[in-house]
Amino acid sequence: QVQVVESGGGLVQPGGSLRLSCTATVYISSIGAMGWYRQAPGKERELVARITSGGDTNYADSVNGRFTISRDNKNTVYLQMDSLKPEDTAVYYCYCRAWGVLYWGQGTQVTVSS
């Protein structure tokens, strides 16, 4: 019923930038929040950022000040990732919360390496 599609990952050098995008195929008024989790080898799954339908945002301490989550006037959110560090390397999973249920994107690999 709900499809979440994300893109924008890739390989970048330390200090570089990437922008992830995520689109949910759900009526916009049904969306409570969208955001990104990430999972890296040897680490637990981490909530990176989220934005609510009201525009409230929060960030993990590890990315606060470097990452920015935003939304357009449709059903797409963006995660601007600046000043990337090797420890940001992970698979990033977009999610959409609608009707109290979480729907997940397919994941996109972000690798930060020189």
Side-chain angles (χ1 to χ4, degrees):
Q1 182 66 33
V2 177
Q3 186 177 10
V4 181
V5 180
E6 60 185 303
S7 63
L11 174 64
V12 65
Q13 292 183 322
S17 297
L18 286 172
R19 188 178 72 165
L20 307 183
S21 63
C22 179
T23 299
T25 60
V26 62
Y27 190 54
I28 187 170
S29 65
S30 298
I31 299 175
M34 294 182 68
W36 303 84
Y37 282 82
R38 68 185 181 187
Q39 189 162 25
K43 295 184 178 180
E44 64 183 6
R45 189 191 228 178
E46 177 184 36
L47 177 64
V48 178
R50 61 89 176 171
I51 185 166
T52 71
S53 60
D56 297 326
T57 61
N58 72 270
Y59 301 91
D61 289 341
S62 57
V63 307
N64 196 18
R66 299 186 297 116
F67 290 12
T68 304
I69 191 168
S70 62
R71 65 184 182 189
D72 63 11
N73 59 354
K74 298 182 179 179
N75 294 348
T76 300
V77 297
Y78 303 92
L79 185 65
Q80 179 66 43
M81 305 185 294
D82 297 321
S83 302
L84 283 162
K85 304 175 180 179
E87 50 263 45
D88 295 317
T89 296
V91 179
Y92 286 68
Y93 295 93
C94 180
Y95 77 90
C96 171
R97 190 182 76 227
W99 307 289
V101 178
L102 294 180
Y103 301 89
W104 295 95
Q106 79 281 6
T108 186
Q109 176 71 48
V110 172
T111 302
V112 184
S113 176
S114 59

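Only heavy atoms go into these numbers, but all of them, side chains included; no hydrogens, no water, no symmetry mates.
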- Message: Do Ser17 and Asp82 pair up side chain to side chain, a donor and an acceptor below 3.5 Å, judged on atom types alone?
- Response: yes
- Message: Testing the 3.5 Å rule here: is there a donor-acceptor pair between the side chains of Thr89 and Thr111?
- Response: no
Note, [X] side chain near [Y] side chain (heavy atom, < 4.5 Å):
X: Trp36; Y: Ile51; value: no
X: Arg97; Y: Arg50; value: no
X: Val2; Y: Val101; value: no
X: Cys96; Y: Ile31; value: yes
X: Glu46; Y: Ser62; value: yes

Test item: [X] side-chain N/O and [Y] main-chain N/O as donor-acceptor pair under 3.5 Å:
X: Arg71; Y: Ser53; answer: yes
X: Gln80; Y: Arg19; answer: no
X: Gln39; Y: Ala90; answer: no
X: Ser83; Y: Arg66; answer: no

Are [Y] and [X] connected into the same hydrophobic cluster when the rule is that any two of I, L, V, M, F, W, Y join if their side-chain heavy atoms are below 4.5 Å apart?
X: Ile69; Y: Tyr37; value: no
X: Met34; Y: Trp99; value: yes
X: Val91; Y: Leu47; value: yes
X: Tyr95; Y: Val4; value: no

Work out which heavy atom in [X] is nearest to a heavy atom in [Y]; give both atom names and the distance.
X: Thr76; Y: Ser21; answer: CG2-CB, 4.5 Å
X: Ala49; Y: Leu79; answer: CB-CD1, 4.0 Å
X: Val12; Y: Gly16; answer: CG2-CA, 3.8 Å

- Message: With rounding to the nearest 0.5 angstrom, report the CG to OG distance, Asp88 to Ser113.
- Response: 12.5 Å
- Message: Regarding Cys22 and Cys94, I want to know if their SG-SG distance comes in below 2.5 Å, which is how I'm defining a disulfide.
- Response: yes
- Evaluate side chain to side chain contact (heavy atoms under 4.5 Å, CB included) for Met81 paired with Val110, printing each intermediate quantity in order. CA-CA 10 Å; Met81 305 185 294; Val110 172; 3.9 Å; yes
- Any chance you could lay out the side chain to side chain contact (heavy atoms under 4.5 Å, CB included) test for Arg38 and Val63, step after step, and finish with the verdict? CA-CA 11 Å; Arg38 68 185 181 187; Val63 307; 3.7 Å; yes
- Message: Aromatic contact between Tyr59 and Phe67, with the criterion being ring centroids under 6.0 Å apart: yes or no?
- Response: no
- Task: Give a yes or no on whether Asp72 atom CG has more than 12 heavy-atom contacts from other residues, nucleotides or ligands under 6.0 Å away.
- Result: yes
